[in-house]
Amino acid sequence: MIQIEKLKKVFKTTQGSLHAVDGVNLKVDEGTIFGIIGYSGAGKSTLIRLLNGLERPTSGDIFVAGRNMRKVQGDELRKARQEISMIFQHFNLLWSRTVRENILFPLEVAKVRTDEKEKRVSELIKLVGLDGREDAYPSQLSGGQKQRVGIARALANNPKVLLCDEATSALDPKTTDSILELLTDINEKLGLTIILITHEMHVIHKICDQVAVMEEGKFVEQGNVIEVFQQPKKDITKHFVKQVMDPGGTSSTPEELAALHPKGAIVRIDYVGKDGEGQLLPLLIRAYPEVDISIVQGNIAKAEEGTYGHLLLHIAEDNEDTRNDMYSFLSEKHVQFEVMQS
Ligand SMILES: Nc1ncnc2c1ncn2[C@@H]1O[C@H](COP(=O)(O)OP(=O)(O)OP(=O)(O)O)[C@@H](O)[C@H]1O
């Protein structure tokens with residue numbers, strides 16, 4: 001659906017040339033939710049503007065739904081922009097228009113027939129869960145509801161790609177989650193390809209299939225969300241992963257844990273995103289009812305593809321044979337684990 005090749009955008013500034021996007025390559029298949037994460041100034045917004053043709057590349061190519069965005073002009077560019085829709089951090093609503101009128105707006109611009117327009121607006125209001133709020137003005141809506149209007153408006157002309165520019169950054173965590181759920185729902189129902197830029201790893205792990213980490217105009221790491229979370233390579237990626245896995249920075253080392261739990265062993269179990277791994281601990285406890293097993297530390301997160309992260313278990317069993325037996329049990333269940341201290 002999207003292919004980017006050796007993309008560069010250089011701005012001329014008073015301090016010289018600024019490489020906002022510096023040799024980015026990217027391939028996004030239809031129906032994927034792709035996240036781009038980076039700190040402020042990394043080049044994310046510039047990349048998004050290049051994707052929807054608001055900015056022209058200095059060099060390189062961008063293909064969206066078969067169109068070369070570097071070459072399209074006039075009517076073709078207008079058509080391309082209808083197929084690549086966008087939602088924003090601050091919603092960009094028309095404040096003097098009601099919810100219904102906001103959603104009507106892109107349909108009016110696209111000169112859709114009146115009866116079709118009304119039908120489409122009603123469908124969209126239902127899709128984003130705004131039934132009953134049709135006649136409210138943006139100032140009467142909560143942040144989450146405003147973003148729902150933004151999403152409905154963006155979907156009005158059946159786009160193929162939805163670009164989300166920090167779409168949840170102005171929302172509280174609970175509202176963020178409800179908007180992310182709506183985006184997942186839309187992705188599944190409509191098969192829409194979603195590109196999302198953010199500085200919050202929580203957003204990536206919650207809904208994205210794939211992620212690219214952007215720094216100084218470059219993609220410094222990219223891959224499946226699960227893989228990147230399991231084995232972040234670059235320091236910047238490790239920082240982002242820590243936002244989700246250890247937000248308070250409170251983890252203890254295995255040695256500290258062993259000092260607190262001198263009996264038995266400390267075992268690290270890795271969850272790698274397979275369904276059913278959540279059942280592992282009850283199985284272990286049921287198989288060894290006489291052994292005290294407790295979680296002494298854990299960084300577990302739920303992603304689209306399953307559960308991932310790790311748990312440190314204290315197995316309060318002095319008998320080495322029993323412990324070895326338990327390790328065999330884990331191996332038989334194809335669990336990745338490591339005995340940290342015993
Ligand atoms: N039109 C422009 N002219 C000159 N420099 C620009 C222009 N647009 C962006 N830049 C610069 O390009 C770099 C990347 O900016 P960009 O807005 O793409 O980053 P970002 O990752 O989206 O950060 P933020 O979230 O703060 O917007 C920054 O150094 C920015 O100052």
Side-chain angles (χ1 to χ4, degrees), residues 2-26 28 33-62 64 69-70 77 81 84-93 143 146-147 150-151 154 161-173 175-176 179-180 183 193-208 210-223 225 228 232-244:
I2 295 173
Q3 192 153 350
I4 294 181
E5 290 163 6
K6 296 182 189 158
L7 184 65
K8 288 195 183 199
K9 178 70 194 181
V10 182
F11 291 114
K12 300 277 172 235
T13 70
T14 46
Q15 280 95 36
S17 298
L18 195 152
H19 291 70
V21 174
D22 194 6
V24 163
N25 293 303
L26 173 69
V28 181
I33 305 187
F34 194 100
I36 300 168
I37 188 162
Y39 292 116
S40 184
K44 308 180 298 294
S45 304
T46 306
L47 180 57
I48 284 258
R49 287 203 303 275
L50 287 161
L51 269 169
N52 67 6
L54 283 175
E55 214 60 93
R56 292 269 158 175
T58 307
S59 62
D61 281 306
I62 309 172
V64 183
M69 295 302 292
R70 194 155 66 89
L77 181 60
R81 289 224 182 106
I84 310 167
S85 218
M86 186 145 166
I87 56 170
F88 307 86
Q89 179 174 2
H90 297 294
F91 323 118
N92 287 21
L93 302 182
K146 284 180 201 146
Q147 194 55 289
I151 292 171
V161 177
L162 180 66
L163 305 175
C164 308
D165 186 354
E166 299 280 3
T168 55
S169 298
L171 305 174
D172 63 61
T175 312
T176 292
I179 293 297
L180 295 179
L183 290 175
T193 308
I194 299 181
I195 307 275
L196 174 157
I197 65 172
T198 182
H199 62 276
E200 295 173 319
M201 202 58 170
H202 166 76
V203 170
I204 302 281
H205 97 82
K206 184 98 188 167
I207 67 163
C208 293
Q210 300 197 358
V211 60
V213 182
M214 195 167 188
E215 191 177 30
E216 293 180 359
K218 296 185 169 70
F219 281 0
V220 293
E221 193 159 350
Q222 65 177 301
V225 169
V228 171
K233 293 187 184 74
K234 301 279 189 222
D235 282 348
I236 180 176
T237 317
K238 288 177 187 164
H239 268 103
F240 281 126
V241 169
K242 208 158 179 269
Q243 278 181 4
V244 175

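In each ligand, atom 1 is the first atom listed, and ligand 1 is the first ligand listed.
Lys12 and Ser17 share a side-chain donor-acceptor pair at under 3.5 Å. Side-chain contact annotation: Gln89 with Ser169, donor-acceptor N/O pair under 3.5 Å absent.
Remark: of the listed residues Val203, Thr175, Ile33, Val203 is the sole one forming a side chain to side chain contact (heavy atoms under 4.5 Å, CB included) with Leu180.
In this structure a side-chain-to-backbone donor-acceptor pair under 3.5 Å is present from Thr13 to Gly16.
Annotation: side chain of Ile2 is not in contact with side chain of Phe34 (no heavy-atom distance under 4.5 Å).
Between Asn52 and Met69, the shortest heavy-atom distance links the atoms C-CE, 3.8 Å.
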Pairs under 3.5 Å, nitrogen or oxygen of ligand 1 with protein nitrogen or oxygen:
from	atom 1	to	atom 2	distance (Å)
ligand 1	18 (O)	Ser45	N	3.4
ligand 1	18 (O)	Thr46	N	2.9
ligand 1	18 (O)	Thr46	OG1	2.6
ligand 1	19 (O)	Gly43	N	3.2
ligand 1	21 (O)	Gly41	N	3.4
ligand 1	21 (O)	Ala42	N	3.0
ligand 1	21 (O)	Gly43	N	2.9
ligand 1	21 (O)	Lys44	N	3.0
ligand 1	21 (O)	Lys44	NZ	2.9
ligand 1	22 (O)	Ser45	N	2.8
ligand 1	22 (O)	Ser45	OG	2.6
ligand 1	23 (O)	Gly41	N	2.7
ligand 1	26 (O)	Ser40	OG	2.5
ligand 1	27 (O)	Ser45	OG	3.4

